[in-house]
Colleague: 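Shown below is the structure under consideration.
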Protein chains: 2
Amino acid sequence: MTRPHELDDIDRRILALLVQNATMAYSEIARQLHVSGGTVHSRMSRLEDLGVVRGATLDLDLTKVGFTIQAFLGIYLLKSSYCDAVIAQLRDIPEVISLHFTTGSYNLFARLACRDTQHLRNVLHDLVQQIEGVERTETLISLEEVFNRSVRLDETAPVAS
Amino acid sequence: MTRPHELDDIDRRILALLVQNATMAYSEIARQLHVSGGTVHSRMSRLEDLGVVRGATLDLDLTKVGFTIQAFLGIYLLKSSYCDAVIAQLRDIPEVISLHFTTGSYNLFARLACRDTQHLRNVLHDLVQQIEGVERTETLISLEEVFNRSVRLDETAPVAS
DNA sequence: AAACTTTATCGAAAAATTTTCGAAAAATTA
DNA sequence: TAATTTTTCGAAAATTTTTCGATAAAGTTT
């Protein structure tokens, strides 16, 4: 269930700041929003409990840690009943860094990070294509990540209209 | 230029821990890796200077902050010379949260986060499709983000083979 | 190989932050 | 309005980050 109702204006302003920069200190947020540090802390605890905040991830330049090839992979299944089993096997391939269940051309849509083209070839040919239930795949290679950002939380308030 | 050579084993082990959980304290990393807190700090500063670490982002459950629809958008351009202008205009649409320059079926590939289907319709019809140089688009709606994780830095070392 | 230079680490002190918690204030309910 | 619950503040305690000099390690030059 989705209940954005539980978030008030201060919650959103805290998140709007942290979404830009997750390393911003609670004390700094407190200064900017004119509340106490304790308030920021208790609200973040609550947002974590609610599952609104899942955690924080380090934003790496993947090319600089050796993953020079990023690709998207559209996956066609033989039968949609294979879905759960295919998902389970894709989860065991560390190069698959995200997976979506989609409508449209593909049944599943994955994002891959590989060290080089040879590595990508191996992952596709030896791992993904070998999964039972995968009919065929379509690869989009990312030549450049032009940008990557989070949603805007400041502007529009999440209200059930 | 990509020079993963500059990263040694301790760098990678620090990153491997922080990639799992960017909120882990440097002092805790120091304990686990048997180095001093000062070392973790100076190495992270260096990794930031090198651009390996770009920062940290809060990991939100988008549905719980009111963005219930996530979609991928394959974009075909009339001419590839329109690319820069189209990118500039996509950057001004906050609902476009990431953009890749791709090979394969599409010229550009975007990820969108919208509040509801009506909102998505507006973004597609009133904003994206109106951009000069965009021939047509293909939408993949994500029904579920099955998982989302970072690369594995512990296992394989980034070595130019 | 010795002397020199450079760089990285440690360890501890200082500065800043997080976390906790009781009292006060605010909001909600009866 | 009184009672109850929830939230906030403010300050203390615990922890962490950041700085920095001394030391050690690594790399250069002679």
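In what follows, every chain begins at residue 1, and chains take the letters A, B, ... in the order their sequences are listed. The basis for the numbers below is simple: all heavy atoms, side chains too, and nothing from hydrogens, waters or symmetry mates.
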Colleague: Would you indicate, yes or no, if D/dT18 has its OP1 or OP2 atom less than 4.0 angstrom from a side-chain nitrogen or oxygen of B/H41?
Modeller: yes

Colleague: Nearest of C/dC10, D/dT18, D/dC9 to any side-chain atom of B/V35?
Modeller: C/dC10

Colleague: Count I, L, V, M, F, W, Y as connected when their side-chain heavy atoms are under 4.5 Å apart, and connections chain through other members. Are A/V86 and A/Y76 then in the same cluster?
Modeller: no

Colleague: Among C/dT9, D/dT7, D/dC9, which nucleotide has an atom closest to any side-chain atom of A/R43?
Modeller: D/dT7

Colleague: Starting the side chain at C-beta, find the nucleotide from C/dT9, D/dT18, C/dT20 nearest to B/S42.
Modeller: C/dT9

Colleague: For the pair made of CE in A/M44 and C1' in C/dT20, what is the distance, rounded to whole Å?
Modeller: 17 Å

Colleague: What is the distance from NE2 of B/H34 to C1' of C/dT9, rounded to the nearest Å?
Modeller: 16 Å

Colleague: Out of C/dT9, C/dT18, D/dC9, which nucleotide sits closest to the side chain of A/S36?
Modeller: D/dC9

Colleague: Go through the steps for A/I141 and A/L120 under the test side chain to side chain contact (heavy atoms under 4.5 Å, CB included), then give the verdict.
Modeller: CA-CA 10 Å; A/I141 291 179; A/L120 174 61; 4.1 Å; yes

Colleague: In whole Å, what is the span from the CG atom of A/D8 to the C1' atom of C/dA27?
Modeller: 13 Å

Colleague: Rounded to the Å, how far apart are A/L18 CG and C/dT18 P?
Modeller: 10 Å

Colleague: So, is B/R46 close to the C/dT9 phosphate, meaning a side-chain N or O under 4.0 Å from OP1 or OP2?
Modeller: no

Colleague: Between C1' on D/dT7 and CD on A/E6, what's the gap in Å once rounded to a whole number?
Modeller: 16 Å

Colleague: Taking the side chain of A/Y26 as heavy atoms from C-beta outward, which of C/dC10, D/dT17, C/dT18 is closest to it?
Modeller: C/dT18

Colleague: Report the distance from atom CD of B/E28 to atom C1' of D/dA14, rounded to the nearest whole Å.
Modeller: 15 Å

Colleague: Rounded to whole angstrom units, what separation is found between the CD1 atom of A/I10 and the P atom of C/dA27?
Modeller: 11 Å

Colleague: So does A/R46 pair up with A/D11, basic N to acidic O under 4.0 Å?
Modeller: yes

Colleague: Starting at CD of B/E48 and ending at P of D/dT18, how long is that distance when rounded to a whole Å?
Modeller: 9 Å

Colleague: Report the residue from B/E95, B/Q70, B/H100 that forms a side-chain hydrogen bond (donor to acceptor under 3.5 Å, both in side chains) with B/R111.
Modeller: B/Q70

Colleague: With a 4.0 Å cut-off, would you call B/R12 and B/D154 a salt bridge?
Modeller: no

Colleague: To the side chain of B/T39, which of C/dC10, D/dT16, C/dT18 is closest?
Modeller: C/dC10

